[in-house]
Amino acid sequence: MAETLYIPQTTAHKEIYESLLSQVEGLISSETDTIANLANIAAVLKEAFGFFWVGFYIKKENQLVLGPFQGPIACTRINFDKGVCGYCYRTKETVIVPNVDEFPGHIACSSASKSEIVVPVFDHTGEVIMVLDVDSDELDDFSEDDKEGLEKMMKLLEKTFTV
Ligand code: SME
């Protein structure tokens with residue numbers, strides 16, 4: 001496993017994801033412990049982009065429960081009918097929120113969070129078993145490049161699930 005992350009010196013998210021994807025694959029593909037992989041993915045995204053908050057909410061019984069993350073402390077439990085995370089869970093689609101104040105039901109874990117993207121993670125049966133939540137302290141910070149890059153990264157994660 002590489003000990004340091006290489007981050008291209010550019011502000012173009014697309015280019016950064018291209019570099020990160022092969023590095024993340026190297027980091028997680030031979031590790032079967034999901035929590036370890038979630039922790040490293042959160043660290044990679046935080047270090048590479050400096051996002052305000054990056055983390056996972058994992059489906060446990062009838063709620064989404066806080067998993068590995070990087071950033072300030074956050075709410076621990078989200079009902080399926082609440083927040084951007086709950087919306088992503090229900091629709092099984094990536095959700096980009098350019099302005100969190102305009103998303104009905106957005107859960108504000110921090111008033112510093114201004115925009116957000118949430119990406120579903122699937123098991124082999126097609127069920128959503130967790131979501132990746134990335135928050136920015138800038139408005140409109142996420143584009144289709146982020147959607148594409150993060151979805152590809154979540155596909156790499158899904159390949160590591162043993163069941
Ligand atoms: N904003 C999320 C809640 C999680 S925190 O942002 C870390 C939501 O509305 O689901």
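Basis for what follows: all heavy atoms, side chains included, without hydrogens, waters or symmetry-related copies. Keep in mind that what you see is a predicted model, and the values were worked out from it rather than measured. We count ligands from 1, going down the list as the structure has it; atoms in each ligand are counted the same way. Along the sequence shown, residues are numbered consecutively beginning with 1.
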Criterion side-chain contact (heavy atoms from CB on, under 4.5 Å) on Cys75 and Tyr57, from CA distance to verdict: CA-CA 10 Å; Cys75 46; Tyr57 281 91; 3.7 Å; yes
Would you find a donor on one side and an acceptor on the other, under 3.5 Å apart, between the side chain of Lys114 and the backbone of Asn99?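 The answer is no, because no donor-acceptor pair under 3.5 Å joins these two groups.
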Where does the angle between the aromatic ring planes of Phe69 and Trp53 fall among parallel (under 30°), tilted (30 to 60°) and perpendicular (over 60°)? parallel
Once salt bridge (Lys or Arg N to Asp or Glu O under 4.0 Å) is applied, do any residues pair with Lys152, and if so which ones, sequence neighbours excluded? Glu148
Applying salt bridge (Lys or Arg N to Asp or Glu O under 4.0 Å), name anything that partners Glu151, two or more places apart in sequence or on another chain. Lys147
Quick one: list whatever passes side-chain contact (heavy atoms from CB on, under 4.5 Å) with Ser110, sequence neighbours left out. Phe52, Ala112
Near ligand 1, which residues have a heavy atom under 4.0 Å away from one of its atoms? Trp53, Tyr57, Ala74, Ile78, Gly83, Val84, Cys85, His106, Ile107, Cys109, Glu116, Asp133, Asp135
